[in-house]
Amino acid sequence: MSLQNDLTQKVIEAVKQLYQVDLPTVEFQPTRKDFEGDLTVVVFPMLRYIKGNPVQIGTQIGEYLQEHVEEVAKCNVVQGFLNIVIEERYYLNFFNSIKDEVDFGYVKTPSKGATMVEYSSPNTNKPLHLGHIRNNLLGYSVAEILKASGKKVYKAQIINDRGIHICKSMLAWQKFGEGETPESSGMKGDHLVGKYYVAFDKAYKEQIAKLVEDGTPKDKAEKEAPILLEAQEMLRKWEAGDAEVVSLWKMMNGWVYEGFDITYKNLGVDFDKLYYESDTYLLGRDVVKDGLERGVFFKKEDGSVWIDLTEDGLDEKIVLRSDGTAVYMTQDIGTAIQRVTDFPDINGMVYTVGNEQDYHFKVLFLILKKLGYSWAEKLYHLSYGMVDLPSGKMKSREGTVVDADDLIQNMEETAEAISKELGKLDGYSEEEKQKLYRTIGLGALKYYILKVDPKKRILFNPEESVDFQGNTGPFIQYTYARIQSILRKADDVSTAIEVTIQLHEKEKELLKQIQLFPETIQLAAENYSPALIANYTYDLVKEFNSFYQQVSILGETDGQKKNFRVQLSRKVGEVIQSAFRLLGIEVPERM
RNA sequence: GGCCUCGUAGUUCAAUGGAUAGAAUAGAAGUUUCCUAAACUUUAGAUGCAAGUUCGAUUCUUGCCGAGGCUACCA
């Protein structure tokens with residue numbers, strides 16, 4: 001269907017005719033800008049099948065293509081590269097076929113089965129920070145990309161709402177809080193709870209210091225500090241269902257959820273399904289027992305249950321403690337199975353979790369495979385690098401974190417300052433302006449994070465603000481706003497474009513770039529990589545700005561050409577919007 | 001120690017084994033009586049080191065150097 005597929009067939013045909021050889025594949029790449037041509041066939045790989053001079057072979061294939069393929073205008077050969085010039089008519093026909101398509105590039109008929117994308121997965125003892133922002137943006141964006149590539153997607157979040165960490169906040173609040181609430185303090189709920197998490201740590205450290213001073217060894221002091229023992233006691237009470245502890249737990253978690261909701265709303269992310277660890281932490285034990293009977297696991301003398309993964313190059317891994325209680329792995333096994341029970345059409349899952357857990361997920365996926373679940377083949381750990389500060393790792397307990405809410409607000413303020421300086425917003429109401437600052441500020445932040453390959457770690461320097469110029473979100477948003485400005489002034493009539501008009505070099509480049517959008521979405525989906533979408537959009541926009549600078553759109557006197565340029569601009573705008581939607585970034589009408 | 005990631009211009013990022021390694025930013029120099037100058041144009045600057053495989057290596061293999069992570073009957 002696509003030209004490239006068509007040409008592949010023709011090249012194979014040509015080689016068969018010319019050399020009586022069957023070629024398995026043909027390698028194409030876009031022609032480099034320094035050479036004449038649109039598509040390039042790499043001749044070198046063919047030398048394995050055809051003996052001879054690459055230049056000569058390329059020339060002969062080129063001649064064959066010119067004769068037998070309508071769209072091929074001419075060819076030239078440089079070294080082992082056969083550059084093909086495509087007829088302009090082809091590009092204009094292509095444009096006519098897609099120019100009025102809504103959501104061009106998205107696959108609209110979902111394939112069978114669904115993918116669950118898990119992301120965010122916060123602990124409920126502290127507010128979200130920059131690391132969570134990366135997680136949220138990646139997870140949300142990958143979910144949107146998968147949808148656009150034709151998959152049904154469930155977005156899920158597992159909330160780590162139980163455990164020693166939340167007991168620490170609860171205990172500190174009980175001891176030092178004096179009944180403080182989000183209402184009484186005016187603090188966002190998650191920040192308030194986080195404050196007591198820090199307070200716990202402070203008290204804990206003081207107690208350790210005191211114990212050490214009195215002659216207790218440090219490691220012993222760390223285990224025996226009274227406040228830690230109290231927190232552990234509180235966890236035991238929680239597990240036993242102690243009414244008082246449970247109601248405190250509910251109240252404080254409630255505060256945190258209210259806070260999270262605001263942050264999620266500001267970030268523009270959402271979920272189809274929430275899982276709470278307090279509901280799922282007991283899952284998995286039955287599966288382990290069953291697996292034990294089937295010989296997938298084995299029992300050690302002390303009664304603990306393990307799996308031997310040494311044949312797969314990994315270690316032995318515990319899946320059930322000697323007292324029969326679950327470990328993290330047990331829970332994750334159970335939760336995975338629970339999800340498929342909840343959504344039977346799931347045939348794949350994506351876990352958005354930092355790369356520090358690479359090993360854990362490798363083991364988890366392997367165990368699920370060994371247990372024989374068909375969907376275990378299609379599990380993917382969307383592993384991303386940490387966000388580090390110049391001073392090192394962020395640590396909530398020590399307060400060296402870039403808080404998510406602060407950062408978002410900061411970005412908005414920067415956007416506001418720049419906008420005011422440029423002063424282009426006459427006629428906008430204060431409300432419209434505020435909305436715009438948010439769009440731009442978040443656009444800068446989201447693009448900054450998503451354009452980077454997920455697996456690389458990001459070094460974030462809070463001293464140097466995120467850029468608003470160059471390869472940035474606002475740069476792309478600006479281009480979109482400019483296009484909208486043109487469209488407001490033009491009478492865009494969506495008539496068919498004459499395929500005989502002469503294309504400007506920049507127009508042809510733009511058409512080529514637009515044509516790449518559908519395959520870019522597929523590629524991004526296959527690689528779980530929003531960065532590919534970001535880079536694609538940047539290339540498109542850069543090309544458009546160059547076009548905008550060199551070619552007059554509204555000033556064009558030839559009506560046919562003007563009509564084409566207006567419609568081309570509109571389409572570029574639509575692709576920008578579609579691409580940015582996949583990144584969770586909004587586009588403004590003006591800026 | 002073992003295992004896993006990552007090392008590309010001063011800085012932040014690109015490059016299905018392909019042509020002269022692309023951008024942005026910071027630096028230098030230009031473009032506004034004309035559709036939004038958050039733009040455009042020009043300029044200088046980089047593959048950690050050493051072997052190997054290949055017609056061809058930033059990409060694959062091995063070793064070394066450097067950064068980070070995992071290696072809990074914690075989650």
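Please read these numbers as outputs of a predicted model, since none were measured by experiment. Just so it is clear: chains get the letters A, B, ... in the order the sequence lines come, proteins before strands, and each one is counted from 1.
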Protein-nucleotide distance (L235(A), atom CG; C74(B), atom C1'), rounded to Å: 11 Å
N/O donor-acceptor pairs under 3.5 Å from side chains in residues 314-324 of chain A, not counting sequence neighbours:
unit_1: E316(A); atom_1: OE1; unit_2: K300(A); atom_2: NZ; d: 3.4
unit_1: R321(A); atom_1: NH1; unit_2: T325(A); atom_2: OG1; d: 3.0
unit_1: R321(A); atom_1: NH1; unit_2: A326(A); atom_2: O; d: 3.1
unit_1: D323(A); atom_1: OD1; unit_2: T325(A); atom_2: N; d: 3.0
unit_1: D323(A); atom_1: OD1; unit_2: T325(A); atom_2: OG1; d: 2.6

Y384(A) six-ring centre to R134(A) NZ/CZ under 6.0 Å and within 45° of normal: no
For RNA chain B, the residues among residues 515-526 of chain A that have a non-hydrogen atom under 4.0 Å from it: none
Shortest side-chain distance from F81(A), nucleotide among A19(B), A24(B), C55(B): A19(B)
Integer angstrom distance from the C1' of G10(B) to that of U53(B): 35 Å
Distance, C1' atom - from U59(B) to C74(B), rounded to whole angstrom: 39 Å
Atom pair distance, as rounded to whole Å: NZ in K506(A) and P in C40(B): 11 Å
Whether over 12 other heavy atoms sit under 6.0 Å from K299(A) NZ: no
Distance-only donor-acceptor check, side chains N545(A) and T479(A), under 3.5 Å: yes
4.5 Å side-chain heavy-atom contact, V11(A) and L82(A): no
A51(B) to U58(B) separation - P atoms, rounded to the nearest Å: 14 Å
Closest to side chain of Q357(A), choosing from U71(B), A75(B), A19(B): A75(B)
Pairwise C1' distance for C3(B) and A46(B), with rounding to whole Å: 31 Å
Polar side-chain atom of E507(A) near backbone of H504(A) as donor-acceptor pair, under 3.5 Å: yes
Sugar-phosphate, base or nothing in reach of Y538(A), heavy atoms under 4.0 Å: sugar-phosphate
Cut-off 3.5 Å, no hydrogens considered: what does the side-chain donor-acceptor table look like for residues 518-525 of chain A, sequence neighbours left out?
unit_1: T520(A); atom_1: OG1; unit_2: L516(A); atom_2: O; d: 2.7
unit_1: Q522(A); atom_1: NE2; unit_2: S149(A); atom_2: O; d: 3.4

Letter per nucleotide, 5' to 3', of nucleotides 1-8 of chain B [B base touched, S only sugar-phosphate touched, - untouched; heavy atoms, 4.0 Å]: ---SSSS-
Sugar-phosphate, base or nothing in reach of P54(A), heavy atoms under 4.0 Å: nothing
Separation of the C1' atoms in C34(B) and A39(B), to the nearest angstrom: 14 Å
Spacing between L445(A) atom CG and U12(B) atom P, to the nearest angstrom: 18 Å
Non-hydrogen side-chain atoms of V41(A) and I61(A) separated by less than 4.5 Å: no
First of I458(A) and R321(A) reached from the 5' end of RNA chain B, by closest nucleotide: I458(A)
Pair F200(A) and Y197(A), ring centroids less than 6.0 Å apart: no
Residue pair S121(A) / E118(A), side-chain donor-acceptor N/O under 3.5 Å: yes
Sub-6.0 Å ring centroid separation between W249(A) and Y276(A): no
Touch class at under 4.0 angstrom, heavy-atom based, for Q331(A) against every strand present: sugar-phosphate
Rounded distance in Å - CD1 (I333(A)) to C1' (A75(B)): 15 Å
Spacing of the P atoms in G1(B) and A19(B) (rounded, Å): 39 Å
Separation of the C1' atoms in U43(B) and A24(B), to the nearest angstrom: 16 Å
Nucleic acid footprint by protein, nucleotides 34-39 of chain B - heavy-atom cut-off 4.0 Å, B for base, S for sugar-phosphate alone: -BBSBS
Whole-Å C1' distance, A57(B) and U8(B): 14 Å
Touch class at under 4.0 angstrom, heavy-atom based, for T40(A) against every strand present: base
Touch class at under 4.0 angstrom, heavy-atom based, for D161(A) against every strand present: nothing
Of the listed nucleotides U25(B), C70(B), G18(B), the one nearest the side chain of Q29(A): G18(B)
Among I133(A), V387(A), L138(A), the one residue meeting side-chain contact (heavy atoms from CB on, under 4.5 Å) with I449(A): I133(A)
Touch class at under 4.0 angstrom, heavy-atom based, for D453(A) against every strand present: sugar-phosphate
Euclidean distance, atom CG of residue L320(A) to atom C1' of A72(B) [Å, nearest integer]: 16 Å
Whole-Å distance separating the CZ atom of F544(A) from the C1' atom of C40(B): 13 Å
Y447(A) and Y538(A) aromatic centres sub-6.0 Å: no
Side-chain donor/acceptor of N83(A) to backbone N/O of G37(A), under 3.5 Å: no
N471(A) vs K451(A) side-chain heavy atoms within contact, under 4.5 Å: yes
For atom CZ of F460(A) and atom P of C13(B), their distance in whole Å: 12 Å
Ring-ring centroid check F365(A) Y380(A), cutoff 6.0 Å: no
Nucleotide-level pairing of RNA chain B, given in dot-bracket where Watson-Crick and G-U pairs need both distances under 3.5 Å and | marks other strands: (((((((..((((....[...)))).(((((.......)))))....(((((..]....))))))))))))....
For atom CZ of R457(A) and atom P of A67(B), their distance in whole Å: 11 Å
Sugar-phosphate only, base, or nothing, as touched by R32(A) at under 4.0 Å among non-hydrogen atoms: base
